[in-house]
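Below is one structure, written out as structure tokens; comments come after it.
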Number of protein chains: 2
Amino acid sequence: MVTSEQVARLAGVSRATVSRALNGSAYVSEETKKRIHDAVASLGYEPNIVAQNLARQRSRAIALGSFFDDSGLLTQLEPTRHYYHLGLLKNIETEVAEAGYDLVLPSRPHGSSRNDYIRSLQTRHIAGVLALCANPADPRIAALVEAPIPTVFIDHMGQGPHATYVKPDYMDGARQVTQHLIRLGHRRIAFLLGRSTALSGAERLLGCQQGLAMSGLAMNPGLLRECGWNTEDAYAAATALLDERRDFTAIVAGSDMMALGVLHALYERGLRVPDDISVTGFDDIDLCKYIAPPLTTVRLDRQSIGAGAVRRLIAMIENNGDVSPLVVPTKLIVRQSTGPAPS
Amino acid sequence: MVTSEQVARLAGVSRATVSRALNGSAYVSEETKKRIHDAVASLGYEPNIVAQNLARQRSRAIALGSFFDDSGLLTQLEPTRHYYHLGLLKNIETEVAEAGYDLVLPSRPHGSSRNDYIRSLQTRHIAGVLALCANPADPRIAALVEAPIPTVFIDHMGQGPHATYVKPDYMDGARQVTQHLIRLGHRRIAFLLGRSTALSGAERLLGCQQGLAMSGLAMNPGLLRECGWNTEDAYAAATALLDERRDFTAIVAGSDMMALGVLHALYERGLRVPDDISVTGFDDIDLCKYIAPPLTTVRLDRQSIGAGAVRRLIAMIENNGDVSPLVVPTKLIVRQSTGPAPS
DNA sequence: CTGAAAGCGCTTACAG
DNA sequence: CTGAAAGCGCTTACAG
């Protein structure tokens, strides 16, 4: 590997000057600047990032933190489970690369106490962290709020001198979808939601209640079921619900993938959607269009969320730009899985 | 941040000895080793990874390379498109973390010539790269084959002194699924495959031909359609095919997500699956069970592929263990989307 | 505008 | 078994 020493020699200057020229410092004459760039080109020099990071005491690397249960990030991305996060990551990757930062998934330290986690980031000179949160009880989240490492939380309202957050307006989405069903004449609606320990779950629940309340309705506790955020659990919960009672005309599912489990349970029992029962999803994953019937759902704007989070993180790191919390609007998408309540 | 200097002072030894004690070198007396570990614990010391990487001239970081079209890795993971790669990544992440390596998605260098790519890895002291390949023409693949950086290719048969590969037996899977249809009495089978520029596409095509040939059948060129690896394209291709002719009793799709598009096209035309037409997928994504009808497909063992790739990479990096190419068997999974050919 | 020198926090022959 | 010294490849006050 060619070093700055060799460039310096070829250009007839010192390493210090090479460094200055390459880092766009003023105070380098145009002429030597040119000589240096020529030398760089002819030698094919590229600065050693590791040495740079050590000397500068910082790096251009952003860590991806995932606080779900207890496994790694991508492990959690089983599509039936965190399909939504996948779309998010896609946007995050693009934005991060565009800003010239590396994205790192650090190997977990042995002890994963709060301090160990922060230290593992610090010893890597991580510039900032993008934290995808589904389990607010994860101690590392609290650690990040306090630590002097720029952090943007997604789906967790953490704030501090070095922390801000970005999230979709889950509550409003849930409100919209509930109101949509009510407008179609549904009065007895079942809610099959993901666990409300996560913010995204709690907000959905509140939004549904709000939607009912706006029309003077109350949530029937017997028609509310919480289960895991995946197709399988939703299928099981829907099956149990259907075996128990049938006094409802619509089911609001916590996510599109959960709606898939619900549809399957209905299909097995010969119930037609939306003729017998209306079903709604949440997320608007690209699959929605292709399942039968195409799902009415709530669209989460992954582009705005991902880009908003990355921009805020970089603004915090580079100390410029907007770092205020961002709540991204959600939007009802009506397709064919919802229809008028049967009379 | 506490440094080894401070540990040394507290333990009353030199930094050299601290380093030796911590890196498990022999030649440190039990007694001083203990003193050092006590100092480490009481100070909460953790070695600075960046400094370590510079001094050691290597790191414990594995880069993820993705050679699809021209965007980033996660960007390519739109589920309807590279659903299979997602399952792979999940296993890769787990294995990499377990081995104590970081996973890095390097920001692309400005010029992405061959040299720039290799250099960007070198200046980061990347220990090895895991290359997910869908576009064999990507020049970076050729660069990796030659570069002295340990590389494991997935879905590309690259080999060299520092390169090996892991892939599923696509061909055999395609053969099995074709034979399965033939056994059910199908004779006129349409093939709606992904582009055969990628190895995974070419092998599927060959496998289908082989499956036909084994029963003395030849592929009808008019019943072979290539399109993009996604639901939308497959839907369009299936629609075009159906509008053109109906002289087939089965459709082999290139992936499960493509099968979804095919099912949708059939559904729109009122054709029943499998009564009128049998449909098969490929990949066995978790969704298969929940779509109606549940898909007959070919299972790719993502666990074996991911784990096999990571183990080989680490074996190359640490210069021990098996680095021979690995071809993972595939398996036909029969569900309800295939049935006897209508008479 | 430029160079000599010190420093970033480790590791590793080299002596002893 | 242990320490002093040099080195990894940069950056950055400090002088000039």
Side-chain angles (χ1 to χ4, degrees), chain A residues 1-37 39-40 43-61 100 102 119-127 318, chain B residues 1-37 39-40 43-61 100 102 119-127 318:
Chain A
M1 288 228 313
V2 14
T3 68
S4 72
E5 170 72 43
Q6 301 171 42
V7 173
R9 212 147 37 203
L10 181 58
V13 297
S14 71
R15 283 152 58 206
T17 303
V18 171
S19 173
R20 286 196 207 94
L22 262 41
N23 297 312
S25 150
Y27 310 126
V28 181
S29 79
E30 282 309 318
E31 201 228 306
T32 65
K33 210 177 268 182
K34 175 167 174 355
R35 280 218 312 284
I36 289 172
H37 281 120
V40 164
L43 292 173
Y45 170 72
E46 200 140 325
N48 182 308
I49 303 281
V50 176
Q52 234 173 24
N53 289 348
L54 182 60
R56 289 179 175 166
Q57 292 286 75
R58 56 194 157 79
S59 80
R60 291 178 74 83
D102 292 335
R119 268 204 295 268
S120 77
L121 297 172
Q122 288 173 330
T123 64
R124 286 170 171 76
H125 289 189
I126 292 295
E318 301 180 351
Chain B
M1 288 229 312
V2 14
T3 70
S4 72
E5 170 72 42
Q6 300 172 43
V7 174
R9 210 147 40 204
L10 181 57
V13 297
S14 71
R15 281 152 60 208
T17 303
V18 170
S19 174
R20 286 193 208 97
L22 262 40
N23 296 311
S25 150
Y27 309 127
V28 181
S29 78
E30 281 309 317
E31 202 228 303
T32 66
K33 208 176 270 182
K34 175 165 175 357
R35 279 218 312 283
I36 290 171
H37 281 121
V40 165
L43 292 172
Y45 169 72
E46 200 140 325
N48 182 309
I49 304 281
V50 176
Q52 235 173 24
N53 290 349
L54 182 60
R56 289 180 176 165
Q57 292 286 73
R58 57 194 155 78
S59 81
R60 292 178 73 85
D102 291 336
R119 268 205 294 269
S120 78
L121 297 173
Q122 288 173 330
T123 64
R124 285 169 171 79
H125 290 189
I126 292 295
E318 301 180 351

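Only a predicted model underlies this, so the values are computations on that prediction, with no experimental measurement involved. Worth knowing before you read on, the calculation uses all heavy atoms, side chains too, and leaves out hydrogens, waters and symmetry mates. We name chains A, B, ... by the order of the sequence lines, and we start the count at 1 in each one.
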Could you tell me how far apart [X] ([atom1]) and [N] ([atom2]) are, to the nearest whole angstrom?
{"X": "A:Arg35", "N": "C:dT2", "atom1": "CZ", "atom2": "P", "value": "8 Å"}
{"X": "A:Gln122", "N": "C:dG9", "atom1": "CD", "atom2": "P", "value": "12 Å"}
{"X": "B:Glu31", "N": "D:dT2", "atom1": "CD", "atom2": "C1'", "value": "13 Å"}
{"X": "B:Leu54", "N": "D:dG7", "atom1": "CG", "atom2": "C1'", "value": "9 Å"}
{"X": "A:His125", "N": "D:dG9", "atom1": "NE2", "atom2": "P", "value": "18 Å"}
{"X": "B:Asn53", "N": "D:dC10", "atom1": "CG", "atom2": "P", "value": "15 Å"}
{"X": "A:Leu22", "N": "C:dT2", "atom1": "CG", "atom2": "P", "value": "14 Å"}
{"X": "B:Glu5", "N": "C:dA6", "atom1": "CD", "atom2": "C1'", "value": "15 Å"}

query: Is the side chain of B:Arg35 donor-acceptor paired with the backbone N or O of B:Glu31 at a distance under 3.5 Å, no angle test?
result: no

statement: Per atom distances to the A:Ser29 side chain, the nearest of D:dT2, D:dC10, C:dC1 is C:dC1

task: Consider the side chain of B:Ser14, meaning its heavy atoms from C-beta on, and name the nucleotide among D:dT2, C:dC10, D:dG3 that approaches it most closely.
output: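 Output: D:dG3.
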
B:Ile49, B:Thr123, B:Leu54 screened by side chain to side chain contact (heavy atoms under 4.5 Å, CB included) with A:Val50, the one that passes: B:Leu54

Per-nucleotide protein contact string for nucleotides 11-16 of chain D, where B marks a base within reach and S marks sugar-phosphate only (heavy atoms under 4.0 Å, - for neither): BBB---

- prompt: Does a nitrogen or oxygen in the side chain of B:Gln57 sit under 4.0 Å from OP1 or OP2 of D:dG9?
  reply: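 Checking D:dG9 against B:Gln57, a side-chain N or O does come within under 4.0 Å of OP1 or OP2.
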
Throw together a table of side-chain donor-acceptor distances under 3.5 angstrom for residues 6-16 of chain A, partners on residues two or more places apart or in other chains.
{"unit_1": "A:Ser14", "atom_1": "OG", "unit_2": "A:Ala16", "atom_2": "N", "d": "3.4"}
{"unit_1": "A:Ser14", "atom_1": "OG", "unit_2": "A:Thr17", "atom_2": "N", "d": "3.3"}
{"unit_1": "A:Ser14", "atom_1": "OG", "unit_2": "A:Thr17", "atom_2": "OG1", "d": "3.2"}

message: Pairing check on D:dA4: which nucleotide meets the Watson-Crick or G-U wobble criteria with it, both distances under 3.5 Å?
response: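 By the stated definition (distances under 3.5 Å), nothing pairs with D:dA4.
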
task: Report the base-pairing partner of D:dA13 (Watson-Crick or G-U wobble, both distances below 3.5 angstrom), or none.
output: none

query: Does a side-chain N-to-carboxylate-O contact under 4.0 Å join A:Arg60 and A:Asp102?
result: no

- prompt: Do NZ/NE/NH1/NH2 and the carboxylate oxygens of B:Lys34 and B:Glu30 come within less than 4.0 Å?
  reply: no

- request: Determine whether A:Arg58 and A:His125 make a side-chain contact, defined as any pair of heavy atoms from C-beta on separated by less than 4.5 Å.
  value: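 No; the side chains remain at least 4.5 Å from each other.
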
query: Between A:Asn23 and A:Arg56, does any side-chain donor sit less than 3.5 Å from a side-chain acceptor?
result: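 Yes, because at least one side-chain N or O of A:Asn23 sits under 3.5 Å from a partner of the opposite role on A:Arg56.
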
message: What contact category does B:Val50 fall into here, base, sugar-phosphate, or nothing, at under 4.0 angstrom with non-hydrogen atoms?
response: nothing

